[in-house]
Amino acid sequence: MRRIACFILSLLIITGVPVSVCAAQSSGGIETQSLYTARPTVTFIIAGDGSALIKLRCLGTNDVTKIKAKTCIEKKSGTRWVKVNVGTSDNYIYHSVNSPKMITSFTKQLTGSGSYRCTTTFTLYAKTTETITITTYAEY
């Protein structure tokens, strides 16, 4: 039985096995690994009056033809995160550019103090499609 297992492992090593790549944990959160962009960023700041400023920055390679961003703001309620009403039917804020560079910002007024988080999913279109999700946190 041992010989069979060693043979199979040797065969897998020789022929090559596809390996999934995961994001590495950095001190400030998850650092994304990307084929088409070098470290997209989301800045989430809440001012004293409850105004949330969200800045999105995603600089793609020359292969990128389009970038879409889908942003959701959530408030912590007990142990759950609940979507904040941002005035759209699905409570997501969408941005799109037909270029390899997205730099945009927007504000939303929050009601009530607490812990908030902002989750943005970037979708980059090039030879293949790639999605990158970034979550940032702020207190108010």
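For reference, positions follow the sequence shown, starting with 1.
Other residues, nucleotides and ligands place more than 12 heavy atoms under 6.0 Å from the CZ atom of Arg117. The number of heavy-atom neighbours closer than 6.0 Å to NZ of Lys68, taken from other residues, nucleotides and ligands shown, is 12 or below. Crowding of Asp90 atom CG: a count of heavy atoms from other residues, nucleotides or ligands under 6.0 Å exceeding 12. Heavy-atom neighbours of Lys101 NZ from other residues, nucleotides or ligands within 6.0 Å: at or below the threshold of 12.
Linking Ile, Leu, Val, Met, Phe, Trp and Tyr whenever their side-chain heavy atoms come within less than 4.5 Å leaves Ile73 and Leu53 in two separate clusters. Val82 and Tyr92 fall into different hydrophobic clusters, where Ile, Leu, Val, Met, Phe, Trp and Tyr residues are linked whenever their side-chain heavy atoms come under 4.5 Å apart, directly or through other members. Criterion: ILVMFWY side-chain heavy atoms under 4.5 Å apart, direct or through other members. Under it, Val42 and Val97 are part of a common hydrophobic cluster. Hydrophobic clustering keeps Leu35 apart from Tyr125 (ILVMFWY residues linked when any side-chain heavy atoms are closer than 4.5 Å, directly or through intermediates).
Within the 3.5 Å criterion, the main-chain N or O of Thr123 finds no donor-acceptor partner in the side chain of Thr131. Formation of a donor-acceptor pair under 3.5 Å by the Lys75 side chain with backbone atoms of Ser113 is found in this model. Remark: side-chain polar atoms of Gln109 are paired, donor with acceptor, to backbone N or O of Asp49 under 3.5 angstrom.
One distance of note links OG1 of Thr43 with CD1 of Ile134; it measures 9.5 Å at 0.5 Å rounding. Note: Lys108 NZ to Thr71 OG1 = 10.5 Å, rounded to the nearest 0.5 Å. Leu110 CG to Tyr116 OH: the interatomic distance, rounded to the nearest 0.5 Å, is 4.5 Å. Distance check, rounded to the nearest 0.5 Å: NZ of Lys76 to CH2 of Trp81 gives 5.5 Å. Separation of atoms SG (Cys118) and CD1 (Ile93) is listed at 7.5 Å; rounding is to 0.5 Å. Annotation: the span from Leu124 atom CG to Ile67 atom CD1 amounts to 5.0 Å, rounded to 0.5 Å.
A donor atom on one side chain and an acceptor atom on the other are found under 3.5 Å apart for Thr133 and Thr121.
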Subject >> Derivation and outcome, side-chain contact (heavy atoms from CB on, under 4.5 Å), residues Val84 and Asn91 >> reply: CA-CA 7 Å; Val84 171; Asn91 289 323; over 6 Å; no
**OP:** Evaluate the side-chain contact (heavy atoms from CB on, under 4.5 Å) criterion for residues Thr37 and Val64: first the C-alpha distance (whole Å), next the side-chain angles of each, then the deciding distance (0.1 Å), finally the verdict.
**Re:** CA-CA 9 Å; Thr37 184; Val64 175; over 6 Å; no
Original post:
Does the side-chain contact (heavy atoms from CB on, under 4.5 Å) test come out yes or no for Tyr36 and Ile132, once each step is laid out?
Top reply: CA-CA 10 Å; Tyr36 293 118; Ile132 300 166; over 6 Å; no
Subject >> Evaluation steps, side-chain contact (heavy atoms from CB on, under 4.5 Å), between Thr136 and Thr41 >> reply: CA-CA 9 Å; Thr136 54; Thr41 59; over 6 Å; no
